[in-house]
Each structure stands twice: as C-alpha cells, then as structure tokens.
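From a predicted model like this one, the values you see are computed outputs, not experimental measurements. Along the sequence shown, the residues carry numbers beginning at 1.
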Amino acid sequence: MHVVYVYGTFYLFQSARWVQCRGPGLRYIPANAPADTVRLRLENTLVSRVPRAAFYNLSQLRFLWLTYNCITSVHPSSFLNLRSLHELRLDGNLLSAFPWEGLRDAPLLRTLGLHNNRLSSLPAQAALFLPNVTYLDLSSNRLTMLPAELLNLWFPRTGREGGLVKIKILGLHDNPWLCKCEISMVRSLSMSLGSLVVLIDQMLTCSKSIDGPTVEVPGKEASHCIRLSVKPAATTVISSLGSNVILRCDATGFPTPTLTWIKTSTYSGCCPPDTPENIEPLPKNLKSFLQVSPGVGLRWSVISLSGLSLRDAGEYRCQARNTAGIAEANIKLKVVGVIGGAHPTTNKLVQAQLKTSFKLYRPDTI
C-alpha cells in the first residue's frame, strides 16, 4: 500500500486504485487523483461545493463517496465523463437542492445516497433520471411531498416495465411528510405481497400541516388512497368510411381522476404521402365529447368522431391522472371502406369484418 499525506489529507493507493481524502485541511475537490482511480472517498473536510467537471479525468471511477463534508451546492455538470459510475453518496452534507439532470452523465448509476441533507422538495422531473437506480436514500431531509411520477417509477404497472425487474430499496423515513396519498401509497404498496420495493425503515410519519403533530403513515389496511385504473370499452374499434363512432374509457382511483384523450399515432398507408396538408402533428390532445363522474373515485369519458376519414385511423390514448399517479389505456381505430368503385367481393369482406369486429357505443347506453 502506498500512503501520501498532503495538507491534512491522506491518499491511500491500492490495487484497483482506491483514493481516500479526509481532514479539515481540505477545502476543494482534489485535482491530482490518479486517472485510473476506481474508488474515491472524500469525507470530513471543509469542501463546500462540487464544481463543473470536478471528476472529468476519472473516467474509470465507479464509486464516489462525498460524505460528511460541508457541501452546499453541486453543479449540474459535476459528473461529466463518469459513465462508469455505479455508486454516488452525498450523505451528511448541507444540500438544499440536488441537480437531478446531472445524473444523465452517469447512466450506470445504481446507488444514490442523499441521507441527512436539507432537501425540501423533489421535482417531478427527477423520475426521468432515476430509472436504473435501485438504492435511493432520501431519509433525514425536509421533504414533505412525493411527486406522482416517482410513484409510477417505483411501482410500475403490469406490462409497463420490460426486461429484468429489480428490487428497489428506498429510504424515506425521518422526513416531515404531509399526510397525502403519495406517501400513504408508498407504504401500502411496499407492504403488499410480491412488492419489488423495500423501505429501509417502515416507520414513516406524517402530519396534516407543516408544523402540525405527526402520526404514523397508515399502512395497507388503513390507506385512504386508491390506485388508478383505466379500462377502455374496447381495445380495437373498426368502422367504415363516413360513419360516426364514439370511443369510451372508464377510470377508478382516489382522489377522483381527470381524463385526457390523446391521438398518439396514425396507421401507415392511410393517407396519400408527400402531401403537406395530410401531415398531422402527433401526439395531439383531443377534446372530450363528454366526461362524467357518477361517484367519488369514478369517472368516464367519451370522444365523438363524425364522418370518419382515413386520417382518423390510428391509436387513441385515454390518460387518467390524480395525485396518486398516472394510468393509460390505448384504443386502436381502424377505418375500412372503398373509395370510388370496387369489386363486389371486396364490399362483402368489409361488411363481414364490420359485423364481427366493430362495436359502436351510443351515448344513451353509457
């Protein structure tokens, strides 16, 4: 082992290069760590910020511990060139914000520790940069609310997550959570049979107001939140040219969700190509023809399409949203028929296809 002492800092070098720096004599991120460093540990120093490209020369770095320092800010580009980084720990610092977008420079990151900082909010876009993180410790901060996007990331619905499913370990305890659906849902779903989420500490507390008295977050039996579910009246609808059609979907969840219709794609070959007026920008939000909530936790919606043309063919998405998350269901609309003259056999095939596959929903039956 090779040991170097510089300004109150110890550098320890081993095979599969490790570097450890500690001591109050260090106020800045060291710039002279060997380029082949795999593990870098910087702790108990007076370092107060992590500048842009602070570790750019350490492209082989896989483990980065910046724990129990005085760090108040991390530049969004601090992790440039750390494409091999697997573990990042910033526990025990003074961070009131974290540059989540900076994690895109570390695509292999699996472990992120932010325990014992001063984080007071989690932006919804944080979920975009955490898809591969399987260990996330946010305990002992000042967090009050969880964005629904993180809930959808941690508890994906069946069929939404491909490939190998991995268990996620979360640290959410010791935060002043407000008693909202999101935190209740996390505890409830983590306790359910077969859950792929494990809480470091199941003891979560919440309050009705920021300064109010805290109570234990209700568990599976007492949760007052109902997870979103969306069901279309039909997944495939086939209709003829010039006809009218109504598409419907039903949603359940608490709080009562709102529904949005979006046309997401069209069928190739439906329209004459290379004609600017035939190009439809997608995805496109559509206005609901009718949206009704017959009771708490229930809502259904329909859209009406009149005088169908080939351009109406495509995929339509019904999206439900509330504070507990987002759920979606897709409906494929196929438009069939003959433009101008056609062979009688073709018309018979179209009629048979309509009889067996097409179902029209009338407004007075929904």
Side-chain angles (χ1 to χ4, degrees), residues 124-125 127-128 147-149 151-153 155-161 181-182 225-271 276-337 353-354 357-366:
Q125 63 266 29
L128 298 174
E149 288 78 2
L151 204 63
N152 291 328
L153 174 67
F155 302 96
R157 289 167 179 80
T158 303
R160 292 288 301 273
E161 183 172 298
C181 276
E182 295 86 350
C225 305
I226 303 174
R227 198 171 190 198
L228 282 171
S229 174
V230 179
K231 184 178 180 181
T235 56
T236 301
V237 174
I238 302 177
S239 189
S240 57
L241 278 169
S243 65
N244 304 329
V245 68
I246 289 178
L247 307 179
R248 167 174 172 161
C249 76
D250 298 77
T252 59
F254 183 81
T256 303
T258 58
L259 293 173
T260 303
W261 287 92
I262 306 166
K263 186 176 182 183
T264 58
S265 67
T266 186
Y267 287 125
S268 59
C270 77
C271 312
E277 58 267 22
N278 288 326
I279 299 175
E280 181 181 29
L282 297 174
K284 179 177 72 175
N285 288 342
L286 305 173
K287 187 176 180 180
S288 296
F289 170 68
L290 192 61
Q291 189 162 155
V292 176
S293 178
V296 175
L298 303 172
R299 191 181 297 274
W300 57 262
S301 174
V302 297
I303 56 171
S304 176
L305 303 174
S306 304
L308 289 180
S309 69
L310 292 176
R311 293 194 191 105
D312 293 313
E315 187 170 80
Y316 293 78
R317 178 177 300 165
C318 177
Q319 184 182 88
R321 180 188 293 265
N322 69 4
T323 56
I326 298 173
E328 299 171 339
N330 295 323
I331 301 175
K332 291 182 179 179
L333 174 61
K334 297 181 180 180
V335 178
V336 296
Q353 189 178 28
L354 289 174
S357 303
F358 170 61
K359 187 176 182 181
L360 178 63
Y361 294 89
R362 296 168 49 195
D364 58 359
T365 64
I366 55 181

Test side chain to side chain contact (heavy atoms under 4.5 Å, CB included) on Leu241 and Leu310 and set out the steps. CA-CA 7 Å; Leu241 278 169; Leu310 292 176; 4.0 Å; yes
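- Side chain of Thr264 to backbone of Glu315: a donor-acceptor contact under 3.5 angstrom is found.
- With sequence neighbours excluded, the residues satisfying side-chain hydrogen bond (donor to acceptor under 3.5 Å, both in side chains) with Arg317 are Asn330.
- Judged purely by atom type and a 3.5 angstrom limit, Ser309 has no side-chain atom pairing as donor or acceptor with the backbone of Gly242.
- Closest of all the heavy-atom pairs between Ala313 and Lys263 is O-NZ, 3.5 Å.
- Under the 3.5 Å distance criterion, the side-chain polar atoms of Asp250 are left unmatched by any main-chain donor or acceptor of Trp300.
- Counting heavy atoms from C-beta outward, Ile331 and Val237 have side chains that approach closer than 4.5 Å.
- Under the 4.5 Å side-chain criterion, counting only non-hydrogen atoms from C-beta, Pro232 is not in contact with Leu247.
- When side chains are defined from C-beta on, Cys249 counts as touching Leu259, because their heavy atoms get closer than 4.5 Å.
- Side chains of Val302 and Trp261 form no contact here, defined as non-hydrogen atoms less than 4.5 Å apart.
- The two residues Val230 and Ala251 come nearest to each other via the heavy atoms CG2-CB, 4.2 Å.
- The side-chain heavy atoms of Asn244 and Leu305, taken from C-beta on, include no pair separated by under 4.5 Å.
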Stepwise side chain to side chain contact (heavy atoms under 4.5 Å, CB included) check, Val292 with Leu290: CA-CA 7 Å; Val292 176; Leu290 192 61; 4.0 Å; yes
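- Considering every non-hydrogen atom in both Leu308 and Leu333, the closest pair reads CD2-CD2, 4.2 Å.
- Taken from CD1 in Ile262 to CG in Leu286, the straight-line distance is 8.0 Å, to the nearest 0.5 Å.
- By the 4.5 Å heavy-atom criterion applied to side chains, Val336 and Ile238 are counted as neighbours.
- With hydrogens and angles ignored, the 3.5 Å screen pairs no side-chain donor or acceptor of Gln319 with any backbone N or O of Ile326.
- Across Pro257 and Leu228, no two heavy atoms sit closer than the pair CB-CD2, 3.3 Å.
- With rounding to the nearest 0.5 angstrom, the SG atom of Cys318 is 9.5 Å from the CD atom of Glu328.
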